[in-house]
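Worksheet: the structure to be examined is printed underneath.
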Amino acid sequence: MSFTSPKFTCTSPVNIAVIKYWGKENEAEHIPLNSSLSATLNQDDLKTTTTVQASTEFPCDELILNGKKEDVQGSKRIQRVFQEIRKAATAKWYTERPNKDQEIYVHIDSTNNFPTAAGLASSASGYCCLVFALGQLFEVKSDLSIIARLGSGSACRSLYGGYVAWEKGHDHETSKAIQVLDEHDDFSKQTNIVVCVVSDRQKHTPSTSGMQQSVITSKLLKVRASEIVPQRMIEMDKALKTKDFNLFATLTMDDSDNMHACCADTEPAIYYMNETSNQIVQLVKDFNAFDDGNGVENLKVAYTFDAGPNAVLFFPNKEVTNKFLAILHAFFPPSNQEQFFSKEPFVTEMKQYTEMVESFKKSTSVKIDADGLRYLIHTTVGYGPKVVSIE
Ligand code: DP6
């Protein structure tokens, strides 16, 4: 008897860690050395869209990623995800199929609405969307974040909106994502995020192999995992729940610095940040110490860097974001304005900050670097995966 399922189309978000995952305790099960915490980015700006369908007519599983056929059979991670989804399936068309020895194969088509060149870890939104869509198709009732983790560790955090923790746990069943604040919470709603895509020609060590090297050789990483991050997770939880941006920003920057210190402590040393990254760090520090009219008691912006040179900046509200965008525009004058501010035509609005920018220039040693940034993505905190259509 032949069977073809409806087509499920789903979308999933990108997430950016403010307490980083760097290193696995168990390689095969993707159990991390420490818990981590991230913000889910708004899918109106960045998302993966995945369509899945199952049929007895399909001769094998197939995955098309951004228009290119992937080697499904050769990928251990994809195989493990398929295996866990099929194990947890409750859909009758699958569990009650007449011939249990015969597999029903799936076709998957997945695309990102952001260029790979943006340097954002597409594996998180990609694996999250794959697992979420297959979870709908196979009617999986168990925790999907556990299965997404097997695709790529950071993917488990994209299963929810708002701010999300990946609790380290101690085995396959307990290492999973939980939502700390949803996207409707005031702190989530106020947060503005700017991804600064830095000009860069270097090829960087992929995160999977970079963290493997750090686990083997970095003594600092051991202290990070056993002492620094456990304490920081408690404080970050407090910062979010008390809506304390000052504490949030301090913890975010400290944790990024600490992860990159562990990379530098790795043998051979790994450096993800480049000169432009360091200039952005300096601008952030100088702006936090600069009186923009609202005093200097509270931090106004926080930076964080993943396994690459791009800075991701967090702001407590829209106004301060706009001020800092004006500063970025002045220090990294772009040859293509439109591309620089990919979302809003901000250039006219920026004029009101000319005086503030001129005064800020006097308080920093950062030099103007034309085209140091390729473009900016201005976004907010958003919602988790969604079913878009069932046809
Ligand atoms: C620096 O999740 O890409 O972005 O589990 O091996 O697939 P695998 O690694 P991955 O690592 C992400 C590392 C990071 C920090 C973070 O997102 O927490």
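Note that the numbering runs from 1 along the sequence shown for the chain. Below, all heavy atoms of this structure are taken into account, side chains as well, without hydrogens, waters or symmetry copies.
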Subject >> Distance-only polar pair, side chains of Gln190 and Asp186, donor-acceptor under 3.5 Å >> reply: no
Original post:
How far apart are the C-alpha atoms of Lys323 and Lys300, what are their side-chain angles, what is the distance that settles it, and do they pass the side chain to side chain contact (heavy atoms under 4.5 Å, CB included) test?
Top reply: CA-CA 10 Å; Lys323 285 184 180 170; Lys300 298 180 273 275; over 6 Å; no
**OP:** Mark yes when over 12 heavy atoms from residues, nucleotides or ligands other than Lys141 sit less than 6.0 Å from its NZ; otherwise mark no.
**Re:** yes
Subject >> Basic-acidic side-chain contact under 4.0 Å: Arg232, Asp255 >> reply: yes
**OP:** Go through the side-chain N and O atoms of Thr51 and Asp109 and say whether any donor and acceptor fall under 3.5 Å apart.
**Re:** no
Original post:
Which of these, Val215, Asn34, Ile31, sits in a side chain to side chain contact (heavy atoms under 4.5 Å, CB included) with Glu25?
Top reply: Ile31
**OP:** Hey, could you give me the CE/CD distance between Met273 and Gln279, rounded to the nearest 0.5 Å?
**Re:** 11.5 Å
Original post:
Do side-chain atoms of Ser55 reach the backbone of Glu57 as a donor and acceptor pair under 3.5 angstrom?
Top reply: yes
Subject >> Distance (rounded to the nearest 0.5 Å) between Lys241 NZ and Asp185 CG >> reply: 10.0 Å
Original post:
What is the distance from atom CD1 of Ile85 to atom CG of Leu130, rounded to the nearest 0.5 Å?
Top reply: 7.5 Å
Original post:
Can you check whether Thr50 reaches Ile108 side chain to side chain, under 4.5 Å on heavy atoms?
Top reply: yes
Original post:
Looking at side-chain heavy atoms only, is the closest gap between Gln53 and Thr4 below 4.5 Å?
Top reply: yes
**OP:** Kindly give the heavy-atom pair with the smallest separation between Ala133 and Val52, and that separation in Å.
**Re:** O-CG2, 3.6 Å
Original post:
Judged by modelled atom types alone, do Lys47 and Thr11 share a side-chain donor-acceptor pair under 3.5 Å?
Top reply: no
**OP:** Look at the side chain of Arg374 and the backbone N and O of Asp200, then say whether any donor-acceptor pair between them is shorter than 3.5 Å.
**Re:** no
Subject >> Worked check of side chain to side chain contact (heavy atoms under 4.5 Å, CB included) between Asp237 and Ile234 >> reply: CA-CA 5 Å; Asp237 191 68; Ile234 296 170; 5.8 Å; no
Original post:
Where does the angle between the aromatic ring planes of Tyr272 and His204 fall among parallel (under 30°), tilted (30 to 60°) and perpendicular (over 60°)?
Top reply: tilted
Subject >> Side chain proximity check, Val140 to Thr90, heavy atoms < 4.5 angstrom >> reply: no
Subject >> Lys76 atom NZ, over 12 foreign heavy atoms within 6.0 Å >> reply: no
**OP:** Check whether any side-chain N or O of Arg149 sits under 3.5 Å from a backbone N or O of Ser175 as a donor-acceptor pair, and report yes or no.
**Re:** yes
Original post:
Without hydrogens or angle criteria, can the side chains of Asn112 and Thr48 be said to hold a donor-acceptor pair below 3.5 Å?
Top reply: yes
Subject >> Leu299 and Phe248, any side-chain heavy atoms less than 4.5 Å apart >> reply: no
Original post:
Looking at Leu137 and Ser5, what are the two nearest heavy atoms and their distance?
Top reply: CD1-OG, 3.3 Å
**OP:** Identify the residue among Val229, Asp306, Leu221 that makes a side chain to side chain contact (heavy atoms under 4.5 Å, CB included) with Trp22.
**Re:** Leu221
Subject >> Least distance between heavy atoms, Ser218 atom then Thr266 atom >> reply: CB-OG1, 4.1 Å
Subject >> Minimum-distance pair of heavy atoms, taken over all atoms of Ala177 and Tyr160 >> reply: O-CE1, 3.5 Å
Original post:
Is Gln213 reaching over with its side chain to a backbone N or O of Glu267, donor-acceptor style, under 3.5 angstrom?
Top reply: yes
Subject >> salt_bridge(Asp265, Arg224) N-O dist < 4.0 Å >> reply: no
Original post:
For Lys176, does its backbone N or O pair with a side-chain atom of Ser145 as donor and acceptor, under 3.5 Å?
Top reply: no
**OP:** Determine, for Lys238 against Glu235, whether the closest basic-nitrogen to carboxylate-oxygen distance falls under 4.0 angstrom.
**Re:** no
Original post:
Transitively linked via ILVMFWY side-chain contacts under 4.5 Å: Val106 with Leu144?
Top reply: yes
Subject >> Heavy atoms from other residues, nucleotides or ligands near CD of Glu27 exceed 12 (cutoff 6.0 Å) >> reply: yes
Original post:
For the atom pair CG (Leu376) and NE2 (His329), what is the distance rounded to the nearest 0.5 Å?
Top reply: 9.0 Å
Subject >> N/O donor-acceptor pair under 3.5 Å between Lys367 side chain and Ser365 backbone >> reply: yes
Original post:
Out of Trp93, Tyr105, Phe58, which residue meets the ring-ring contact (aromatic ring centres under 6.0 Å, His included) rule with Phe3?
Top reply: Trp93
Subject >> Asn288 side chain to Val301 backbone, donor-acceptor under 3.5 Å >> reply: yes
Subject >> Same cluster (ILVMFWY, side-chain, under 4.5 Å), Val387 and Tyr127 >> reply: yes
Original post:
Just one of Asp182, Thr191, Asn15 clears the side chain to side chain donor-acceptor pair (under 3.5 Å) bar with Tyr163, so which one?
Top reply: Thr191
Original post:
Phe331 and Tyr353: same hydrophobic cluster, using ILVMFWY side-chain contacts below 4.5 Å?
Top reply: yes
Original post:
If two hydrophobic side chains count as joined below 4.5 Å and joins carry through other members, does Leu150 share a cluster with Met211?
Top reply: no
Subject >> Inter-residue atom distance Ile19.CD1 - Leu251.CG, 0.5 Å rounding >> reply: 5.5 Å
Original post:
Going by atom types alone, do Tyr383 and Asp44 pair a side-chain donor with an acceptor below 3.5 Å?
Top reply: yes
**OP:** May I ask you to check whether over 12 heavy atoms, not counting those of Lys386, lie within 6.0 Å of atom NZ?
**Re:** yes
Original post:
Does Ser154 offer a backbone N or O that forms a donor-acceptor pair with the side chain of Ser158 under 3.5 Å?
Top reply: no
Subject >> Which atom of Lys189 lies closest to which atom of His184, heavy atoms considered >> reply: CE-O, 3.4 Å
Original post:
Has the side chain of Gln79 got a donor or acceptor atom that lies under 3.5 Å from a matching backbone atom of Val72?
Top reply: yes
Original post:
According to the interplanar angle, ranging from 0 to 90°, do the rings of Phe315 and Phe324 count as parallel (below 30°), tilted (30 to 60°) or perpendicular (above 60°)?
Top reply: tilted
**OP:** Please check if Met236 and Leu33 belong to a single hydrophobic cluster, counting links between Ile, Leu, Val, Met, Phe, Trp and Tyr side chain heavy atoms closer than 4.5 Å.
**Re:** no
Subject >> Rounded distance [0.5 Å steps], NE2 in His378 versus CG in Asn42 >> reply: 10.5 Å
**OP:** For the pair Ser256 (side chain) and Met253 (backbone), establish whether a donor and an acceptor sit closer than 3.5 Å, ignoring hydrogens and angles.
**Re:** no
Original post:
With respect to Cys196, which candidate in Val312, Leu328, Ile377, Asn310 satisfies the side chain to side chain contact (heavy atoms under 4.5 Å, CB included) definition?
Top reply: Leu328
Original post:
Are Glu29 and Arg80 ion-paired here, with the side-chain N under 4.0 Å from a carboxylate O?
Top reply: yes
**OP:** Locate the shortest heavy-atom distance separating Leu159 from Ala148; write the atom from each residue and the value.
**Re:** CD2-CB, 3.7 Å
Original post:
Got more than 12 heavy atoms from elsewhere within 6.0 Å of CD, Glu275?
Top reply: no
**OP:** Take Glu103 and Asp61 through the test side chain to side chain contact (heavy atoms under 4.5 Å, CB included) and record every step on the way to the result.
**Re:** CA-CA 10 Å; Glu103 195 49 89; Asp61 291 324; 5.7 Å; no
**OP:** Quick one: do Met233 and Lys168 satisfy side chain to side chain contact (heavy atoms under 4.5 Å, CB included)? Show the steps, please.
**Re:** CA-CA 11 Å; Met233 283 295 289; Lys168 169 185 184 305; over 6 Å; no
